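First up is the structure itself, then whatever we jot down about it.
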Amino acid sequence: FQALNIDEDAILLAVDTEAVITKINVSRGEKEEFKTEFKDARFTSCDYSSNGKFIVTGGDDYKVRFWDDETNQLILESDSFYTKHNSHSN
């Protein structure tokens, strides 16, 4: 897994570099996995929204995507808001 996050209800949320989102209910031992159509996105981060209804992912394409937690459907995709720089600055 590339990124992991655990919510308050013991749900482990993970994404990988193949743009697969995995939800594991730790207390029940249940695993749900869904592949997205964004194979080139290489998801690197994930989290639940504050109300727990949405999953938010970020990836190498510098886009933020919001997914419905119940249906696993993409709801919103941001435009790339980050400009990649070749130099490092602090």
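These numbers come from the heavy atoms of this one structure, side chains and all, not from hydrogens, waters or symmetry mates. Bear in mind that the values here come from a model prediction, so they are computed numbers and not experimental data.
Of all the heavy atoms in Leu13 and Cys46, the pair that sits closest is O-SG, 3.6 Å. In terms of heavy atoms, Ile55 sits closest to Lys23 at CD1-CD, 3.8 Å. Residues Asp69 and Gly52 approach most closely at OD2-O, 3.9 Å, considering heavy atoms.
Side-chain contact between Val20 and Lys35: present, with at least one pair of heavy atoms (C-beta onward) separated by less than 4.5 Å. Contact of the Phe43 side chain with the Thr36 side chain is registered, since non-hydrogen atoms from C-beta on lie closer than 4.5 Å. Glu32 is listed as a side-chain neighbour of Asn72, based on a closest heavy-atom distance under 4.5 Å.
Classification of the Trp67-Phe38 ring pair by plane angle, with boundaries at 30° and 60°, yields perpendicular.
Interatomic distance, NZ of Lys31 versus CD1 of Ile24, reported as 6.0 Å (0.5 Å rounding). Interatomic distance, Arg28 CZ to Ile11 CD1, rounded to the nearest 0.5 Å: 6.5 Å. Between Asp47 atom CG and Phe54 atom CZ the span is 14.0 Å, to the nearest 0.5 Å. Here the straight-line distance linking atom CD of Glu77 with atom CG of Asp61 works out to 7.0 Å at 0.5 Å rounding. The distance from atom OH of Tyr62 to atom OG of Ser78, rounded to the nearest 0.5 Å, is 13.0 Å.
The environment of Glu70 atom CD is sparse: at most 12 non-hydrogen atoms of other residues, nucleotides or ligands sit within 6.0 angstrom.
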Item to check | Arg42/Thr17 under side chain to side chain contact (heavy atoms under 4.5 Å, CB included): CA gap, chis, key distance, verdict | outcome: CA-CA 4 Å; Arg42 291 182 37 101; Thr17 56; 3.8 Å; yes
